[in-house]
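As the structure lists them, so they are numbered: ligands from 1, and atoms in each ligand from 1. We count residues from 1, following the sequence as given.
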Amino acid sequence: MKILLIGSGGREHALAWRLCQDDPQLQLFTAPGNAGTGKLGTNLPFGVTDLDGLVDWAAKEKPDLTIVGPEAPLCAGVVDRFEAEGLPIFGPNGAAARLEGSKVYTKNFLLKYGLPTAPGEGFSDSRSARAYSQKHPTFPQVIKADGLAAGKGVIIAQTAEEAATTIYDIMDQRVFGDAGNQLLIEEFLPGREMSVHVLTDGISHVLLPIAQDHKKLGEGDTGLNTGGMGAYAPAPFATPELLGQISREVVEPVLAAFRKEGIDFRGILYIGIIWTKNGPSILEFNVRGGDPETQVLLPLIDTPLVELFQAVREQRLGQVTLKLNSRHAVTIVLAAGGYPGTPETGVPIEGLDLELPGTTVFHAGTKQDGTSVVTNGGRVLSVTAWADDLATARELAYQRAAKIHFAGSQYRRDIAARLTLE
Ligand code: AMP
Ligand code: GLY
């Protein structure tokens, strides 16, 4: 089998690793990939939104399936382009990807269907945004740039001054560029966050184990926001009762609303949930697997991925059984010096070959440079471990991480540290 995988992060190396385990004869091509995917197959010189390059390559090389990792190509309509050429591809189409690409669109959708979410409103000019912010003087207030902003477009304003400055920065100074053409202001909801991944073909769906990300750079959830510094799954607080409530109050009504709205969603839907005193509330939709959540979900799934992805594409997911094992997985992100600001690139990484059973190292921002592997992005590696219990998985992941060295490396020592219900 021949597969084209689009992306270059830890999520994509994890997908590549898993696809190669499922099929040792696999011919894997990754665009653009990283040093890790380059060891499993061939990296192609196309950026993730180089739709012309990707379509041309696929039209010539005829992969059996193309799998899209990140949101940018999905929002740019890569699935529509491939399908127009009759090329098989896994992921939601451009219209469905708006659920991640526009926070204002999504808030309006959630409110229209009475789905649980924080009250809020979208604006396309700074004057009305400021007026709304001043009329709702409850702080903190959550201000979100509408479009894709690499996980940086959400600001939790603690004061009226901070809210006004944020609105000015996003809409007038355009610090997030076109992502700030519109802006969303919503109520702050305190609670526990969780990452809910649903595989759906628009008719049937399966819920994957609940994962938890660690979005802040610093231990104890302090410091700047990042793309995610580590994750674990399944979350111990995800009791059968909680899963039932998530299915009844979130997943089923969301998928029913997609159908009513005419949204043909086939792919991985990642629902960011916050568990408030009134139950689950939807923070956001992502139209792809989380990074680093995918790194901890894949070791828990026994069904071959291509089988699941093909079934989703062909809308026969209802005929496939999702087999989960009873493992627990933990991943720790090793980030470059400077991250989440400008990362230090070109720094040699040592210790990648020091293996430990029950662990693997997924590459993210890495590049092959002659015989060495060097840093090439903010999140450099995703050190992942699995075991029969979470504490052992955590221990193994930290043992493996301790073997890896590069100048400026930073990682949190408290990933999966809060293992029990608070
Ligand atoms: P989002 O990209 O919309 O999920 O927002 C990024 C992060 O901001 C979330 O993971 C939460 O930690 C935080 N956040 C977003 N919206 C809210 C809200 N309404 N209340 C509390 N925290 C929020
Ligand atoms: N881990 C957060 C995300 O993938 O959006």
### Query
Where do F285 and V254 land on the side-chain contact (heavy atoms from CB on, under 4.5 Å) test, with the steps shown first?
CA-CA 10 Å; F285 291 126; V254 161; 3.8 Å; yes
Does ligand 2 have any N/O atom under 3.5 Å from a protein N/O, and what are those pairs and their distances?
unit_1   : atom_1 : unit_2 : atom_2 : d
ligand 2 : 1 (N)  : D213   : OD2    : 2.8
ligand 2 : 1 (N)  : G227   : O      : 3.4
ligand 2 : 1 (N)  : D291   : O      : 3.0
ligand 2 : 1 (N)  : E293   : OE1    : 2.8
ligand 2 : 1 (N)  : E293   : OE2    : 3.4
ligand 2 : 4 (O)  : R288   : NH1    : 2.8
ligand 2 : 4 (O)  : D291   : N      : 3.0
ligand 2 : 5 (O)  : R288   : NH1    : 3.3
ligand 2 : 5 (O)  : R288   : NH2    : 3.0

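Taking all heavy atoms of Q141, E186, E193 into account, the minimum distance to atom 9 (C) of ligand 1 is reached by E193. The residue among K107, K144, K215 with a heavy atom at the shortest distance from atom 3 (O) of ligand 1 is K144.
Just one of R379, Q295, H214 meets the side chain to side chain contact (heavy atoms under 4.5 Å, CB included) condition when paired with V333; it is R379. Screening R192, E249, M194, E284 against I273 for a side chain to side chain contact (heavy atoms under 4.5 Å, CB included) leaves a single residue, M194.
Residues satisfying the side-chain hydrogen bond (donor to acceptor under 3.5 Å, both in side chains) test with S409, not counting sequence neighbours, are none.
Annotation: cation-pi geometry satisfied between R413 and Y411 (NZ/CZ under 6.0 angstrom from ring centroid, within 45° of ring axis). Both the sub-6.0 Å distance and the 45° axial angle are satisfied by R98 relative to the ring of Y105.
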Less than 3.5 Å apart, which donor and acceptor atoms pair up between the side chains of residues 147-158 and the rest of the protein, not counting sequence neighbours?
unit_1 : atom_1 : unit_2 : atom_2 : d
K152   : NZ     : P340   : O      : 3.4

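For residues 6-20, the side chain to side chain donor-acceptor pair (under 3.5 Å) pairs, not counting sequence neighbours, are R18-D22.
Shortest contact from atom 7 (C) of ligand 1 to any protein heavy atom: V154 CG1, 4.4 Å. What sits closest to atom 13 (C) of ligand 1 on the protein, heavy atoms only, is I156 CD1, 4.0 Å. Nearest protein heavy-atom contact of atom 22 (N) of ligand 1 is F188 CE1, 3.8 Å. Of all protein heavy atoms, the one lying nearest to atom 20 (N) of ligand 1 is L189 N, 2.8 Å. Looking only at protein heavy atoms, the nearest one to atom 4 (O) of ligand 1 is E284 CD, 2.9 Å.
Inspection of the Y168 and Q173 side chains reveals an N or O donor paired with an N or O acceptor under 3.5 Å.
Shown in contact with K103 at under 4.0 Å from a heavy atom are these atoms of ligand 1, numbered in order with element: 1 (P), 2 (O), 3 (O).
The backbone and the side chain of L283 each have at least one atom closer than 4.0 Å to an atom of ligand 1 (non-hydrogen atoms only).
Note: F109 and Y113 have tilted aromatic rings, judged against thresholds of 30 and 60 degrees for the angle between ring planes.
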